[in-house]
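Shown next, in structure tokens, is the structure this report addresses.
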2 protein chains.
Amino acid sequence: MISPKRQGGSFKMAQKNILQFIILGLINDHPQTGYELTKSFDNDIGEFWSAKHSQIYPQLKTLEEKQYLTHTMEVSGEKLERKRYSITPAGQHLLTAWIAEPTINQTNGKDEFVLKLYFIHDQTDPRLTTMLEEQLQYHTEKLTHLKNQLSKKFPDGGDPANFGHYLILSHAVSRETEYYDWLNDALKQI
Amino acid sequence: MISPKRQGGSFKMAQKNILQFIILGLINDHPQTGYELTKSFDNDIGEFWSAKHSQIYPQLKTLEEKQYLTHTMEVSGEKLERKRYSITPAGQHLLTAWIAEPTINQTNGKDEFVLKLYFIHDQTDPRLTTMLEEQLQYHTEKLTHLKNQLSKKFPDGGDPANFGHYLILSHAVSRETEYYDWLNDALKQI
DNA sequence: CCGGGCATGTAAAAGGTTACATGATTTA
DNA sequence: TAAATCATGTAACCTTTTACATGCCCGG
């Protein structure tokens, strides 16, 4: 396998609870309600992360308690209330720190890096090159590793007696190839 | 988004706890210990699913209680014991049923279908065509949807003011394209 | 006036990770 | 003989899903 490398600092490294950063990122773009945040996960962002309202509402509460968010009340019609959340300077700090922090690539099919990218709007943002190159390095190693596996386990192509295994390894290789190509493309565009 | 469609039967549909089926599938290939199962998730299968030993040992216990597995003791050296688990006919039934059952594609980055494939060894297995075609239909629809999104949101290619969003949508499209191509390739090979 | 969508929450259960705990065996 | 790996398990915690619960608003 591939060694994780890079650490994000010698002290503690709380990490995790990625949902909070996604919420912060979405609200940083513009103030919104819990309901609107929930819907975001049905759109593009849902391709890479999803969350239910039952997770979002409590998280909003927690983030407000920690003073990363504030809210104002709005009213629709006669009495339907909604809370529109805005990010605080402390919240923006936390968000920025999360984006800047080197991304540890998880093994579990979740891709934290892509989420960070989503919150970078400006094509000329100086963080882009570093972030993309860091990922490129990781995925280059991973692709090499997988290609080695494939040619080692199936030197003659699809083995009829181990077809499923062959198929998923091929899939893993082409999936990584796509990631690699995409990162290179992105780097070319900046 | 895309409607899930297809149901696996009108009665109940327990589903979930996919880990149990993976364990069953791995043990069906050959009897093994909890420790060996744990290591499987560091290899190819780990590209698509992972689990820690703290999840595996209790699951083995449960599966044995339900009589889907049995174990025999082995001894290494003087006193190091290990439990080698084998699948029972009931376990094989459960495994077969899981593989046969139409796969509902999850939104959360987990890919149950690939795992099912992994446990089909024979290239001429009659289940393959159906399974691959079912997935092909799903991913064709999804690809179409994503391409529409991309051309709708970014008709002129990379928007310098929304670059991150553009990048991840492009990534989603090429990721789906890879899936689509892979499925077609697989179908050609059977 | 009714159905679907808007809007917000809580509770319980399941799934998954990290930490705790222990001890044996092999390899350098 | 010390470190790495083999080997198995439990406990605590965190994350995520499903279900419960309530009520308003708008369009047909």
Side-chain angles (χ1 to χ4, degrees), chain A residues 1 3-4 12-23 31-42 46 48-65 69 71-85 104-110 112 115, chain B residues 1 4 12-23 31-42 46 48-65 69 71-85 104 106-110 112 115:
Chain A
M1 273 279 99
S3 55
K12 211 46 172 310
M13 253 311 247
Q15 262 314 79
K16 277 182 278 129
N17 193 357
I18 288 154
L19 180 62
Q20 74 183 307
F21 299 116
I22 299 173
I23 290 175
Q32 41 189 319
T33 67
Y35 189 81
E36 287 165 349
L37 288 168
T38 303
K39 281 189 304 180
S40 297
F41 293 101
D42 297 333
F48 300 99
W49 206 280
S50 77
K52 309 285 160 87
H53 76 276
S54 55
Q55 216 183 343
I56 290 166
Y57 288 113
Q59 187 64 74
L60 284 168
K61 202 180 163 189
T62 307
L63 286 169
E64 186 163 40
E65 278 163 11
L69 295 176
H71 80 265
T72 51
M73 297 301 298
E74 283 181 4
V75 184
S76 270
E78 197 58 29
K79 39 175 92 166
L80 183 62
E81 293 193 321
R82 89 195 82 167
K83 294 180 183 173
R84 187 160 300 276
Y85 287 89
I104 285 100
N105 292 277
Q106 313 279 56
T107 34
N108 51 314
K110 296 261 179 117
E112 190 180 349
L115 271 303
Chain B
M1 273 277 101
K12 209 50 173 309
M13 257 308 250
Q15 266 309 86
K16 277 179 277 127
N17 192 357
I18 288 154
L19 180 62
Q20 74 183 309
F21 299 115
I22 299 172
I23 290 175
Q32 42 188 318
T33 67
Y35 189 82
E36 287 165 350
L37 289 167
T38 303
K39 282 190 303 180
S40 297
F41 293 101
D42 297 334
F48 300 99
W49 206 280
S50 78
K52 307 287 159 81
H53 76 276
S54 55
Q55 217 184 343
I56 290 166
Y57 288 113
Q59 186 64 74
L60 285 168
K61 203 180 163 189
T62 307
L63 286 169
E64 186 163 40
E65 278 163 10
L69 296 176
H71 79 266
T72 51
M73 298 300 299
E74 285 180 2
V75 184
S76 270
E78 198 57 29
K79 39 175 91 167
L80 213 189
E81 293 194 319
R82 90 194 83 165
K83 295 180 184 173
R84 187 161 300 276
Y85 287 89
I104 285 102
Q106 312 279 56
T107 34
N108 52 316
K110 297 260 178 118
E112 191 180 348
L115 272 303

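Reminder, nothing fancy here: chain letters follow the sequence lines and each chain counts from 1.
The overall bend of the helix from dC1(C)-dG28(D) to dA28(C)-dT1(D), read as the angle between its terminal helix axes built from five base pairs each, is 40° when rounded to 10 degrees.
In this structure, CD of Q20(B) is placed 12 Å from C1' of dG15(C), rounded to the nearest angstrom. One atom, CD of E74(B), and another, P of dA7(D), lie 9 Å apart when rounded to the nearest Å. Between the CG atom of L19(B) and the C1' atom of dT17(D) there is a distance of 17 Å, rounded to whole Å. Taking atom CD on Q32(A) and atom C1' on dC6(C), their separation rounds to 15 Å, with Å as the unit. For the pair L60(A) CG and dT10(C) C1', the computed distance is 15 Å after rounding to whole Å. One interatomic measurement links the two molecules: NZ of K39(A) to P of dA7(C), which rounds to 7 Å at whole-angstrom precision. dC6(C) atom P lies 13 Å from atom CZ of R84(A), rounded to whole Å. With rounding to whole Å, I56(A) atom CD1 is found 14 Å from dA7(C) atom P.
Taking the salt bridge (Lys or Arg N to Asp or Glu O under 4.0 Å) definition, one finds that E74(B) meets it with R82(B), R84(B), sequence neighbours left out. The side-chain hydrogen bond (donor to acceptor under 3.5 Å, both in side chains) test applied to Q59(B) returns N17(B), not counting sequence neighbours. Annotation: side-chain hydrogen bond (donor to acceptor under 3.5 Å, both in side chains) contacts of E64(B) (sequence neighbours excluded): H71(B). In this structure K39(B) satisfies the side-chain contact (heavy atoms from CB on, under 4.5 Å) test together with Y35(B), sequence neighbours excluded. Evaluation of the ring-ring contact (aromatic ring centres under 6.0 Å, His included) rule for F48(B) yields H171(A) as partners, not counting sequence neighbours.
Two residues, E81(A) and P58(A), neighbour DNA chain C, and the one matched to the more 5' nucleotide by heavy-atom proximity is E81(A).
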Footprint string (nucleotides 21-28 of chain C, 5' to 3'): B base within contact, S backbone only, - free, heavy atoms under 4.0 Å: ---SS---

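In this structure, the nucleotide among dC6(D), dG5(C), dT15(D) sitting nearest to the side chain of N17(A) is dT15(D). Counting only heavy atoms from C-beta on, Q55(A) has its side chain closest to dT16(D) among dT8(C), dT16(D), dT18(C). For S54(B), whose side chain is taken as the heavy atoms from C-beta onward, the closest listed nucleotide among dT8(D), dC6(D), dA19(C) is dA19(C).
Note on K61(A): every side-chain N or O is 4.0 Å or more away from OP1 and OP2 of dT8(C). Not one side-chain nitrogen or oxygen of Y35(A) sits closer than 4.0 Å to the OP1 or OP2 atom of dT8(C). Of the side-chain N and O atoms in K52(A), one or more sit less than 4.0 angstrom from OP1 or OP2 of dT18(D). Dashed line: the shortest gap from a side-chain N or O of Y57(A) to OP1 or OP2 of dT8(C) is under 4.0 Å.
For the side chain to side chain contact (heavy atoms under 4.5 Å, CB included) criterion with Q55(B), the lone passing option out of L60(B), I23(B), L19(B) is L19(B).
Atom CG in L63(B) sits 9.5 Å away from atom CD in E65(B) (nearest 0.5 Å). Rounding to the nearest 0.5 angstrom, the gap separating the NZ atom in K16(B) from the CZ atom in F21(B) is 11.0 Å.
Among residue pairs with one or both ends in residues 48-63 of chain B, none qualify as salt bridge (charged side-chain N to carboxylate O under 4.0 Å, His left out); sequence neighbours excluded.
S50(B) contributes no side-chain N or O that, together with a main-chain N or O of G46(B), makes up a donor-acceptor pair within less than 3.5 Å.
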